[in-house]
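Input: a single structure, listed below in C-alpha cells.
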Amino acid sequence: MTSTESKKLSIFSNLTTQILIAMFVGAILGIVIHNNWSEESAKEFSGYIKLLATIFIRLVQMIIAPLVFTTLVVGIAKLGDIKAVGRIGGKALGWFFSASFISLLIGMFWVNILQPGVGLNLSDVDLSTAAEVTEKTQNFSAQNFIEHIIPKSIVEAMATNEILQIVIFSIFFGLAAASIGDFAKPVVSALDKTSHIVLKMVNYVMKFAPIGVFGAIAGVFAVRDFNELLLTYAKYFGSFLIGITSLWVFLLFIGFLFLGKRLKVLLKHIVSPLIIAFGTTSSEAVFPKLTEELERFGIKDKIVSFMLPLGYSFNLDGSMMYMTFASIFIAQAYGIDLSIGTQMTMLLVLMLTSKGIAGVPRASLVVVAATCGMFKIPIEGIALILPIDHFCDMFRSATNVLGNALATSVVGKWEKED
C-alpha cells in the first residue's frame, strides 16, 4: 500500500473529522438551546436548523435514482449474460435472507432474555402521537406491498425514489441490453459515462455532509432532553444497544471469516458513510458515497453497482433486528404473552413484509405497527417507542450500511475466486 493510499484510508480523514466535529458542536448547541430557551422557541429553532439536514438528504436523493439506474444497467451489461446475473443474484439473495433471518433472531433473543417491556407503566403515554404511523398501516396490504415492489412507470419510480422499483426496471433493461450485444454498446457506453458524472456529483454533495449532520443533531437535542429520555427508557434503550452490539459482533465476525485482514481496510473505507448514516439517521443518504468507497476498496464496479441497490432493498440488518425487538417489546408492555411458535411466525412475516422498504419514511415503525395488528397487539403501542426512536434509528441506519458493505465485499471476493 502506498503512502498516498494510507492517507486516504486514515480513519480520521478530512471528511470524517469534519463530521465528528459537526456532531459534537451540533449536540452542544442543541443542549444549550434546550436548557435556555422556551419550549416553543426551541421547537421553532429545531425546525429551522433541521433544514440543513433536509437540504443534504434531498441533495443525495436527487442523485440516487440516476445513479442506481445507470450503474446497475452498466453492471448487468458488463456481466454479459443472464447466467452471470443469476449466479451473482443467487449469492446476493442467499446472503441477504440469511443475514435478515439472523438479525431478526438476535432481536427476538434479546427482547425475550432482557424483557424491557415487562412491568412498564403505560399511564403517562400519549397514544395520539402514534397516529401518523398507525394511519399508514391502514394501506398496508398484500396488494399495496406488490404495488410498492413492481413499478407501473419508471418515471414515477424515479420521481418518488422507489429504489426497489428502479432496481427491477434496471435489471430488465440491463438484461435486454446484454442480450442485444454490440448493438446496445453505444447506449451502455453513454450510461457508463453518465454514471461517472453522477459519481463526480457525489463528491460535491458530500462536502455538505458535515453541515447536514450538524443540523440533524442540533435539531434533535434542541427539543429532546436526552438525560430524561435515557432515564425513562434506560431499560429499553440499553437492551436495544445490547442487541445491536451483538449484531455488529456477528456481522464483523462473519466479515472476518471471509475477508480476513482486509476487513480492517474495509472499515477504514466506510467509516465516513457509517458516521453520516448515524448522524442523519438515513442509510439512503450514504448510498452514493458507499458506492464510491467500495470501488476504492477494490470491488469491481459491476459487482458494486449490482449488489448495493439490491442490498438497500433486501438487506437492512439493523432495521430487521429492531423490528422483532420492538414488536415483542410492545406485546410485553401490554402483558400479551407470545409463544415461541407465534414469535417465529412473526419473524417469518417480518422476513417478507420488510423487503423493499428502503426509502419509505419511518418504514421500520410502519412494518412494526402492521405486524402488531396482525398478531392482535395494540398498534397504538408504537407511541411507547416513538420518543426514543430517533436515537435507536441512528444505530439502525449505521448497521444497515455496515451490513450492505460486508455483503457487497464478500460477494465481490467470491466472484474473484470463481
Side-chain angles (χ1 to χ4, degrees), residues 9 11 16 20 23 91-92 94-116 230 233-279 281 283 286 290 293-294 297 299 307-308 311-312 314-329 343-344 347 350-351 354 364 385 388-389 391-414:
L9 291 181
I11 285 187
T16 305
L20 289 170
M23 289 179 68
K91 291 176 180 177
W95 178 283
F96 295 160
F97 278 94
S98 298
S100 295
F101 183 74
I102 291 168
S103 299
L104 289 165
L105 272 180
I106 288 174
M108 190 178 91
F109 173 80
W110 284 114
V111 77
N112 278 293
I113 293 296
L114 301 174
Q115 298 189 329
L230 202 57
Y233 287 92
K235 192 175 180 182
Y236 176 79
F237 192 57
S239 301
F240 166 74
L241 287 181
I242 290 172
I244 209 75
T245 301
S246 61
L247 178 55
W248 270 66
V249 170
F250 170 78
L251 289 173
L252 292 174
F253 174 71
I254 297 298
F256 181 76
L257 289 181
F258 287 101
L259 302 175
K261 293 179 180 179
R262 291 276 292 163
L263 176 64
K264 186 178 179 180
V265 181
L266 174 65
L267 292 176
K268 288 179 179 179
H269 269 287
I270 66 171
V271 67
S272 288
L274 285 171
I275 295 172
I276 294 170
F278 183 83
T281 67
S283 52
V286 299
L290 191 58
E293 291 297 338
L294 289 174
F297 174 62
I299 306 168
M307 284 290 299
L308 265 194
Y312 267 72
F314 292 103
N315 190 48
L316 301 173
D317 298 330
S319 298
M320 300 296 284
M321 176 265 162
Y322 187 72
M323 286 175 196
T324 43
F325 184 89
S327 300
I328 298 171
F329 166 80
Q343 291 185 35
M344 290 302 296
L347 186 149
L350 285 167
M351 278 281 288
S354 61
S364 298
I385 59 178
I388 198 72
D389 183 68
F391 298 101
C392 294
D393 203 9
M394 297 169 95
F395 291 91
R396 293 200 304 262
S397 299
T399 307
N400 292 340
V401 172
L402 175 69
N404 279 316
L406 286 172
T408 305
S409 301
V410 170
V411 172
K413 184 175 184 294
W414 283 343

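All residue numbers refer to positions in the sequence shown, counting from 1.
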Which residues satisfy the ring pair (Phe, Tyr, Trp, His ring centres under 6.0 Å) test with Phe278, sequence neighbours excluded? Phe395

Is there a side-chain contact between Leu259 and Leu406 in this structure, where contact means two heavy atoms from C-beta onward sitting under 4.5 Å apart? yes

Is there side-chain contact between Thr324 and Val111, with at least one heavy-atom pair below 4.5 Å? no

Is there side-chain contact between Trp414 and Val411, with at least one heavy-atom pair below 4.5 Å? yes

Atom CZ in Phe258, atom OG in Ser409: separation rounded to 0.5 Å? 12.0 Å

Would you call the rings of Phe314 and Phe96 parallel, tilted or perpendicular, where under 30° means parallel and over 60° means perpendicular? parallel

I'd like to know if the side chain of Asn400 and the backbone of Ser319 have a donor-acceptor N/O pair within less than 3.5 Å. yes

Answer whether the closest heavy-atom distance between the side chains of Tyr322 and Leu316 falls below 4.5 Å. no

Taking the side chain as everything from C-beta on, heavy atoms only, tell me whether Leu347 gets closer than 4.5 Å to Met351. yes

State whether a side-chain donor-acceptor pair under 3.5 Å links Ser283 with Ser397. no

Does any part of the side chain of Leu294, heavy atoms only, come nearer than 4.5 Å to the side chain of Met307, both counted from C-beta? no

Can you name the closest pair of heavy atoms from Asn404 and Thr408 and give their distance? O-OG1, 2.8 Å

When rounded to the nearest 0.5 angstrom, what is the spacing between CD1 in Ile270 and OG1 in Thr16? 11.0 Å

Distance-minimising heavy-atom pair for Met344 and Leu105: SD-CD2, 4.3 Å

Describe, in one word, how the ring planes of Phe325 and Phe329 are oriented to each other, choosing from parallel (under 30°), tilted (30 to 60°) and perpendicular (over 60°). parallel

Can you give each donor-acceptor pair under 3.5 Å made by side-chain atoms of residues 246-256, sequence neighbours left out, with the distance rounded to 0.1 Å?
{"residue": "Ser246", "atom": "OG", "partner": "Trp110", "partner atom": "NE1", "Å": "2.9"}
{"residue": "Ser246", "atom": "OG", "partner": "Ile242", "partner atom": "O", "Å": "3.3"}
{"residue": "Ser246", "atom": "OG", "partner": "Gly243", "partner atom": "O", "Å": "2.7"}
{"residue": "Trp248", "atom": "NE1", "partner": "Thr399", "partner atom": "OG1", "Å": "2.7"}

Using only atom types and a distance under 3.5 Å, with no angle test, would you say the side chain of Lys91 pairs donor to acceptor with the backbone of Gly412? no

Value for CE (Met108) from CG (Leu350), rounded to nearest 0.5 Å, stands at 11.0 Å

Does the Lys NZ or Arg CZ of Arg262 fall within the cation-pi geometry relative to Phe297 - under 6.0 Å from the ring centre and within 45° of the axis? yes

